[in-house]
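Side chains included, hydrogens not; waters and symmetry mates left out as well; all remaining heavy atoms used. Throughout, numbering of the chain's residues begins at 1 and tracks the sequence.
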Amino acid sequence: MTEARSTYGEFVSLDVADGIGVVRIDRPKMNPLSGEVQEGLAAAAVEVSGRDDVSAVILYGGEKVFAAGADIKEMQTLEYVDMVTRAPRLQACFAAIAAIPQPTVAAIAGYALGGGCELSMTCDFRIAANDAKLGQPEILLGIIPGAGGTQRLTRLVGPARAKDIVFTGRMVPATEALQIGLVDELCEPGSVLEAAKARMSRYVGGPRVALRAAKEAIDRGQDVDLDTGLAIESALFAGLFATQDRATGMASFVQEGPGKARFAGR
């Protein structure tokens with residue numbers, strides 16, 4: 001049964017059911033990512049990060065559009081002195097999504113453009129309807145991506161492909177996005193939420209602390225040299241030997257074989 005909905009401003013909500021949290025953007029018609037939406041997402045990220053009843057998180061904009069970018073009308077009047085403070089806050093709001101310790105997936109229908117594409121890349125995985133389109137069209141406005149588009153996109157698809165997408169501002173069809181690693185799975189239109197839930201349900205009832213440690217090791221290790229990454233991994237690996245789930249998992253393996261442990265998430 002779905003719990004009572006939590007809301008963060010007018011356009012962002014969180015529903016939790018069966019161990020999965022769905023963070024929903026609902027700002028018709030195109031889910032523009034205004035300052036209010038950005039702050040709502042950050043607040044939702046903070047709450048869901050601390051909830052023991054949430055094993056995985058879905059970021060969802062509805063079955064018509066994920067998010068078509070920043071609120072250009074809101075940005076049009078801003079000048080450099082405004083963006084000196086606004087740009088870091090924008091990145092901080094998106095970083096809050098990236099910092100969610102549970103596994104996360106963006107469920108993409110319709111368009112994920114500009115800030116919407118950047119938002120999807122803060123998640124661990126991306127599932128898209130096979131008619132969806134992604135892209136970073138900021139160059140067509142005379143600017144560049146400012147919420148991670150030049151950085152996360154490069155890490156996902158490589159510098160040459162990232163430059164092509166950013167330099168041209170073109171829309172990337174879902175089939176191409178799958179081929180280059182910008183999305184991880186395609187589904188039929190109208191079914192992205194169900195597909196996302198099916199993918200994330202595999203983490204419900206899993207070793208929650210170990211999953212968080214795995215995510216931390218991979219994410220932190222990307223931006224350091226190999227020796228530092230191995231040290232991060234080693235420390236997290238050793239720390240898991242203090243958990244109940246480690247004892248449960250190993251005892252179950254010895255007594256029953258692999259894949260039969262019932263974890264407590266502690």
Original post:
How many angstroms lie between atom CG of Leu59 and atom CD1 of Ile108, to the nearest 0.5 angstrom?
Top reply: 9.0 Å

Subject >> Verify same cluster id: Val37, Val48 (apolar side-chain graph, 4.5 Å) >> reply: yes

Original post:
Are the side chain of Lys197 and the backbone of Leu193 linked by a donor-acceptor contact shorter than 3.5 Å?
Top reply: no

Subject >> Gln102 side chain vs Ile20 backbone, donor-acceptor pair below 3.5 Å >> reply: no

Subject >> Atom CD of Glu79: over 12 foreign heavy atoms under 6.0 Å >> reply: no

**OP:** State plainly whether the residues Arg266 and Asp52 are in salt-bridge range, i.e. N to O under 4.0 Å.
**Re:** no

Original post:
Is the backbone of Leu240 close enough, under 3.5 Å, to the side chain of Thr243 for a donor and an acceptor to pair up by distance?
Top reply: yes

Original post:
Do side-chain atoms of Ser49 reach the backbone of Ala45 as a donor and acceptor pair under 3.5 angstrom?
Top reply: yes

Subject >> Derivation and outcome, side chain to side chain contact (heavy atoms under 4.5 Å, CB included), residues Val12 and Arg24 >> reply: CA-CA 6 Å; Val12 178; Arg24 171 73 190 271; over 6 Å; no

Original post:
Any side-chain heavy-atom pair from Pro101 and Glu216 closer than 4.5 angstrom?
Top reply: no

Subject >> Residue Gln76 excluded, over 12 heavy atoms near CD under 6.0 Å >> reply: no

Original post:
So, the side chain of Thr168 versus the backbone of Arg170: is there a donor-acceptor pair under 3.5 Å, distance only?
Top reply: yes

**OP:** Treating Ile, Leu, Val, Met, Phe, Trp and Tyr as nodes and any side-chain heavy-atom pair under 4.5 angstrom as an edge, say whether Val166 and Val172 lie in one connected cluster.
**Re:** yes

Subject >> Neighbour count >12 (heavy atoms, 6.0 Å) for atom CE, Met83 >> reply: yes

**OP:** Would you check if Leu119 and Phe66 make a side-chain contact, meaning some heavy-atom pair closer than 4.5 Å?
**Re:** yes

**OP:** Report yes if the side chains of Val65 and Lys29 come closer than 4.5 Å at any heavy-atom pair, otherwise no.
**Re:** no

Original post:
Just by distance, do the side chain of Arg89 and the backbone of Thr85 share a donor-acceptor pair under 3.5 Å?
Top reply: no

Subject >> Glu10 CD to Arg27 CZ distance, which is reported to the nearest 0.5 Å >> reply: 8.5 Å

Original post:
Should we say atom CZ of Arg202 is surrounded by more than 12 heavy atoms from elsewhere, each under 6.0 Å from it?
Top reply: yes

**OP:** Report the distance from atom CG of Leu41 to atom CD1 of Ile97, rounding to the nearest 0.5 Å.
**Re:** 5.0 Å

**OP:** Decide whether Val204 and Val22 are clustered together by the hydrophobic rule: side chain heavy atoms of Ile, Leu, Val, Met, Phe, Trp, Tyr closer than 4.5 Å, transitively.
**Re:** yes

Subject >> CG on Asp82 to CE on Met75, rounded to 0.5 Å >> reply: 10.5 Å

**OP:** Kindly determine whether Glu47 and Leu14 satisfy side chain to side chain contact (heavy atoms under 4.5 Å, CB included), including the steps that lead there.
**Re:** CA-CA 9 Å; Glu47 178 175 336; Leu14 167 67; 4.0 Å; yes

Original post:
Going by atom types only, do Asp245 and Thr248 share a side-chain donor-acceptor pair under 3.5 Å?
Top reply: no

Subject >> Heavy-atom side-chain contact between Gln136 and Met121 under 4.5 Å >> reply: yes

Original post:
What closest approach, in Å, do Val192 and Cys187 show between heavy atoms, and which atom pair accounts for it?
Top reply: CG1-SG, 3.4 Å

Subject >> Donor-acceptor pair, side chain of Thr154 and main chain of Thr150, under 3.5 angstrom >> reply: yes

Subject >> Gap between atom CD1 of Ile232 and atom CZ of Arg220 - 0.5 Å precision >> reply: 4.0 Å

Subject >> Minimum-distance pair of heavy atoms, taken over all atoms of Gly205 and Ser55 >> reply: N-OG, 4.1 Å

Subject >> Spatial distance of atom NZ (Lys163) from atom CG (Leu153) [nearest 0.5 Å] >> reply: 12.0 Å

Original post:
Does the side chain to side chain contact (heavy atoms under 4.5 Å, CB included) test come out yes or no for Lys215 and Thr104, once each step is laid out?
Top reply: CA-CA 10 Å; Lys215 179 170 178 173; Thr104 57; 3.8 Å; yes

Original post:
Are Phe263 and Val54 linked, directly or through other ILVMFWY residues, by side chains that come within less than 4.5 angstrom of each other?
Top reply: no

Just distance, no hydrogens or angles: give the donor-acceptor pairs under 3.5 Å from side chains in residues 178-186, sequence neighbours left out.
| unit_1 | atom_1 | unit_2 | atom_2 | d |
| --- | --- | --- | --- | --- |
| Asp184 | OD2 | Arg126 | N | 2.8 |
| Glu185 | OE1 | Arg199 | NH1 | 2.8 |

Subject >> Hphob cluster co-occupancy, Ile58 + Tyr203, side-chain heavy atoms under 4.5 angstrom >> reply: yes

Original post:
Side chain of Glu118, backbone of Ala147: donor and acceptor closer than 3.5 Å?
Top reply: yes

Original post:
Does the salt bridge (Lys or Arg N to Asp or Glu O under 4.0 Å) test come out yes or no for Glu74 and Arg86, once each step is laid out?
Top reply: CA-CA 12 Å; Glu74 182 180 81; Arg86 291 285 295 272; 3.3 Å; yes

Original post:
Got a donor-acceptor contact below 3.5 angstrom from the Asp124 side chain to the Val105 backbone?
Top reply: no

Original post:
Considering all heavy atoms of both residues, which atom of Phe167 and which atom of Ile139 are nearest to each other, and what is their separation?
Top reply: O-CG2, 3.5 Å

Original post:
Side chains of Glu39 and Tyr8: donor-acceptor distance under 3.5 Å anywhere?
Top reply: no

Original post:
side chain to side chain contact (heavy atoms under 4.5 Å, CB included) between Tyr60 and Asp15: does it pass, once the steps are laid out?
Top reply: CA-CA 11 Å; Tyr60 179 57; Asp15 290 303; over 6 Å; no

Original post:
Residues two or more places apart in sequence or in another chain: which of them pass salt bridge (Lys or Arg N to Asp or Glu O under 4.0 Å) with Glu36?
Top reply: none

Original post:
Where do Cys117 and Leu134 come nearest, in terms of heavy atoms and distance?
Top reply: SG-CB, 4.3 Å

Subject >> Heavy-atom donor-acceptor pair, Asp26 side chain to Gly62 backbone, under 3.5 Å >> reply: no

Original post:
What pair of heavy atoms forms the shortest contact from Ala196 to Ala107, and how long is it?
Top reply: CB-CB, 4.0 Å

Original post:
Below 4.5 Å, heavy atoms only, C-beta onward: do Val57 and Val23 meet side chain to side chain?
Top reply: yes

Original post:
Does a side-chain heavy-atom distance below 4.5 Å link Leu230 with Leu226?
Top reply: yes

Subject >> Set of residues satisfying ring-ring contact (aromatic ring centres under 6.0 Å, His included) with respect to Phe253, sequence neighbours excluded >> reply: none

**OP:** Flag the pair Ser6 / Arg51 as yes when at least one side-chain heavy-atom distance between them is below 4.5 Å, and no otherwise.
**Re:** yes

Subject >> Over all atoms of both residues, closest heavy-atom pair of Ala129 and Ala109 >> reply: CB-CA, 4.5 Å

